[in-house]
Amino acid sequence: MTSTETKSAGVIGDSPLRPDGTLKVTGEFAYASDLWHDDMVWGVTLRSPHPHARIRGIDLTEALALPGVSALLTAADVPGENAVGLEHLDTPALADGVVRYQGEPVALVAADHPETARRAAKRIRVDYEELPAVTDPRRALDDDAPLVHRTRDDNLVRAMQIRRGDPEPTAPVVVALDFEVGMQDQAFLGPEAGLAVPDGEGGVDLYVATQWLHVDQRQICRVLGLPPEQVRLSLAGVGGAFGGREDLSMHVHACLLALHTGKPVKMSYARDESFFGHVHRHPAWLRYEFGAEPDGTLVYAKADILFDGGAYASSTGAVVGNGGTLGLGPYRIPSVRVDARGVYTNNPPCGAMRGFGCVQAAFAHEALMDELADTVGVDRVEIRARNGMREGDHNITGQLIDSAAPVAELIETVRDMPLPPERPESDVDIRDLPGGVSNTTHGEGVVRGIGYAVTYKNVGFSEGFDDYSTARVRLELTAGEPVVTVHTAAAEVGQGLITVEQQICRTELGVERVVVHPKDTGVGSGGSTSASRQTYVTGGAVKAACEAVRASVLVRAAAVLGRSDLRLDGEKIVAATGEVLAGLADVLDEAVEETVEWRHRPTYEIDPVTGQGDAHVQYAFSAHRAVVDVDVELGLVKVVALDTAQDVGKAINPDAVIGQIHGGSAQGMGLALMEEVVVTDGRVRNPSFTDYLIPTILDMPPMQVKVLEYADPHAPYGVRGVGEPPTISSGPAVAAAIRAATGKALRRVPVRPEHITGT
């Protein structure tokens, strides 16, 4: 990834053009899969066909005999510790003696051509003894369930309980439901890819599409048995992420092959391997109960939430934490009993995906809010506004909501937006109907429904995690012109962070020309590009580093000018009176550089018994209204409108904010209607975009977007995370609209045609 420079105007609140935007639209942007080295060989991974099996032997003879093959590696060739993982070191870099899910890496091949490498992998003979597998997470904790990890006593990854208020509450009105959420894939368009280049001195440089350079580096170092200074990572062009690049995929494998062959090694997954090569969103089973007064005011809530973590832990523990602490939605509830668990199974590993534990819970709590509204005879918007959080409330972990919580305003805002026109009774354009382009209907059997949802999400890492980012900012003269260079390791994965870093530098230093240094491990960690945290945390680090640079410049200016009442205004040194005393060129005899490690205010572990504590640093709120047309005879759905309101604190880049909201809404809608990794007995049945469907531009409806800006006084510029909330509230709104159209309970997503038709 090359340095990025712009000289166009663009401070906080503007929407400058993204420096990578035109290149991506025209197809000129270099993604990780475009990397090339003249002397490189190609790496390929052999993966397990079984969900659970013992490896009794591996025969490499036939593969080694194939001309062009330069390396064949197994677990026996791992020089360091054969264990990686985000939260637990429970994942082998290469399977050692046992495989725990279909697709687990077993062996590596390097060859002079990718097809040669693939042919060699097919010639590797692995003697498997299939073992009993636990594939139903609801049975994973039974006494007779097979153990996924035999070093453990059970299949529990994490259990959380939250207890608040009356331990035995009662209420005049009680509603309850069970809900199921299927496994969703991040479905980024750029599959995993990277290039590992040995340095000839025992070290390696890795150029890779990722979300968290330093955590990748730490895990790779452990497997290679090398110190960090010998394992250097640089961010390659990323074609989407959404949580699926937080865990390692080909990273270690490419490095192992590069060090073994002494040549650069490129690895680039095909789409089917991408489905096996990264984690997915956790499927979930949820049981909820709400008790309320006759007017719909909530008295108590109970929830039991089960997440299928798959074969390895990944971030299941944190997903359980989010699902538990945020799993009842943005409502005031005096008494609470929540139990959330994540379990190991022999299904594909699950980990981070946009919305991170809150998406699954939102489908259940919003469906139950609708049922409560109907039971007590209160409008579905009104019941949310009546029970919605407000600033000064405490949530279910007892944490004070100490900035804006505009739940009522958000849900009422989407209610009051203009509705799409009614469908005409005649002269219908069949393209506007469910399944219309297939000429399945001319309007007969088509019913319209409207649904609402309001949700909230934490921003940043939680429960006492040391969440920080590092920024290095340098101000110098180049050909007599001031230039700012900003260097962070925070991954740009398509969200527009590069532009945000430039906007902050221009705002704080007033210098027009800003260069963004390539993202690499040559500077301190920027943390993960996840949890809607980068504009907040890395933005805070860049702001603090700029402030330190500005202070240093003014100290130099004071020495040169002999006075202290100075400030930086644009590229001028100005006195308190407003008099321009000098230009930056007059006081910058050498570069000024400052590096800052910046942290937000701390969070804390919750009490293991009560679940009480200040677990999160910030909350972001959003609401959606969905309008759908449903062919109740064929079970087909068309989303006619998907309107939303969201509080973003401060829109650093308004156009980018709208883009994030559109994209997040599409992913939530996708889970409600079509996106599911279908797993049967531990085997993935649809690892391709032929059978795993995602919304296209033809599926996305018009969207009205209302952005609120209630600044968080504790955050840089008042910002709130933007990327995740729309994914959380859009899906439940779509599901609610389908229920409204069909009159069916529909307690599972994605909603399939047979759920609607009953066939």
Side-chain angles (χ1 to χ4, degrees), residues 11-15 326 329-332 355 358 362 381-382 384-397 399-417 452-460 462 495-496 500 503-504 507 531-537 539-540 543 600-601 603 614-625 643-662 664-665 703-730 733:
V11 294
I12 297 302
D14 293 340
S15 295
L326 303 165
Y331 302 113
R332 299 189 308 279
C358 298
V381 170
E382 170 58 27
R384 289 172 167 83
R386 183 173 300 176
N387 288 288
M389 286 179 178
R390 299 181 291 253
E391 185 173 357
D393 286 337
H394 292 80
N395 70 0
I396 65 173
T397 70
Q399 184 167 356
L400 175 68
I401 308 299
D402 59 1
S403 62
V407 174
E409 182 178 358
L410 289 169
I411 196 70
E412 291 168 354
T413 295
V414 296
R415 176 198 61 194
D416 295 340
M417 290 177 175
Y452 296 91
V454 60
T455 57
Y456 81 142
K457 172 69 172 61
N458 65 311
V459 173
S462 304
Q495 80 278 33
V500 167
Q503 289 177 266
I504 292 173
T507 299
S532 303
R533 63 178 288 282
Q534 285 295 12
T535 296
Y536 188 137
V537 184
K543 181 176 185 289
H600 56 63
R601 56 181 175 159
T603 60
D614 293 350
H616 305 298
V617 67
Q618 187 192 63
Y619 301 98
F621 297 80
S622 65
H624 274 81
R625 180 189 67 190
D643 303 315
T644 183
Q646 183 171 331
D647 176 21
V648 305
K650 171 64 179 176
I652 301 295
N653 184 316
D655 285 354
V657 165
I658 297 297
Q660 286 286 297
I661 292 173
H662 276 252
S665 299
M703 289 186 65
Q704 301 172 83
V705 179
K706 174 67 174 179
V707 172
L708 306 184
E709 294 185 87
Y710 294 129
D712 181 347
H714 311 286
Y717 305 112
V719 300
R720 295 182 192 275
V722 172
E724 293 178 287
T727 304
I728 303 168
S729 53
S730 55

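Because the structure is predicted, anything quoted here is derived from the model rather than measured.
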Q | Gap between atom CD1 of Ile411 and atom NE2 of His624 - 0.5 Å precision | A | 10.5 Å
Q: Kindly compute the distance separating CG (Leu410) from CZ (Arg384), expressed to the nearest 0.5 Å.
A: 13.0 Å
Q. So, Gln503 side chain and Ile652 main chain: donor-acceptor pair closer than 3.5 Å or not?
A. yes
Q: Please examine the side chains of Tyr710 and Glu391, heavy atoms only from C-beta on, and report whether any two atoms are closer than 4.5 Å.
A: no
Q) When rounded to the nearest 0.5 angstrom, what is the spacing between NE2 in His714 and CD in Gln618? A) 9.5 Å
Q: Working to the nearest 0.5 Å, report the span between OG of Ser730 and CD1 of Ile661.
A: 11.0 Å
Q | Side-chain heavy atoms of Val454 within contact of Tyr331, under 4.5 Å | A | yes
Q: Heavy atoms only: give me the nearest Pro654-Asp14 pair and the separation to one decimal.
A: CD-O, 3.3 Å
(Q) I need the Arg533 CZ to Asn458 CG distance, nearest 0.5 Å. (A) 12.0 Å
Q: List the atom of His600, the atom of Tyr536, and the distance in Å for their closest heavy-atom pair.
A: CB-CE2, 3.7 Å
Q: Sequence neighbours left out, what pairs pass side-chain hydrogen bond (donor to acceptor under 3.5 Å, both in side chains) with at least one residue falling in residues 718-727?
A: Arg354-Thr727, Ser403-Arg720, Lys457-Glu724, Ser532-Glu724, Asp647-Arg720
Q) Are any of the side-chain heavy atoms of Gln495 and Gln660 separated by less than 4.5 Å? A) yes
Q: For Asp643 and Gln704, work out which heavy atoms get closest and say how close.
A: OD1-N, 2.9 Å
Q.
Quick one, Ile504 with Tyr717, criterion side chain to side chain contact (heavy atoms under 4.5 Å, CB included). Give me CA distance, side-chain angles, the key distance, then yes/no.
A. CA-CA 10 Å; Ile504 292 173; Tyr717 305 112; 3.5 Å; yes
Q.
Walk me through whether Leu400 and His394 qualify under side chain to side chain contact (heavy atoms under 4.5 Å, CB included).
A. CA-CA 4 Å; Leu400 175 68; His394 292 80; 4.0 Å; yes
Q: Can you label the angle between the Tyr619 ring and the His616 ring as parallel, tilted or perpendicular, going by 30° and 60°?
A: perpendicular
Q.
Holding to salt bridge (Lys or Arg N to Asp or Glu O under 4.0 Å), I want the full list of residues that pass it with Asp402, two or more places apart in sequence or in another chain.
A. Arg601
Q: Report yes if the side chains of Asp712 and Val719 come closer than 4.5 Å at any heavy-atom pair, otherwise no.
A: no
Q | Any side-chain heavy-atom pair of Thr455 and Ser622 under 4.5 Å | A | yes
Q) Val657 versus Val707: any side-chain heavy-atom pair under 4.5 Å? A) yes
Q.
Rounded to the nearest 0.5 Å, what separates atom OH in Tyr452 from atom CD in Glu412?
A. 11.0 Å
(Q) Please find the pair of heavy atoms, one from Thr603 and one from Ser462, that lie closest to each other, and give the distance. (A) OG1-C, 3.6 Å
Q.
Please find the pair of heavy atoms, one from Ser729 and one from Ala453, that lie closest to each other, and give the distance.
A. O-CB, 3.4 Å
Q) Taking side chain as C-beta onward, heavy atoms only, is Ile401 less than 4.5 Å from Arg390? A) no
Q: Please assess Ile12 against Lys650 for the test side chain to side chain contact (heavy atoms under 4.5 Å, CB included), listing each intermediate value before the final yes or no.
A: CA-CA 9 Å; Ile12 297 302; Lys650 171 64 179 176; 4.0 Å; yes
(Q) So, using salt bridge (Lys or Arg N to Asp or Glu O under 4.0 Å) as the criterion, who are the partners of Arg386 when residues are at least two apart? (A) Glu382
Q) Phe621 versus Leu708: any side-chain heavy-atom pair under 4.5 Å? A) no
Q: Heavy atoms only: give me the nearest Ala404-Pro406 pair and the separation to one decimal.
A: C-CD, 3.6 Å
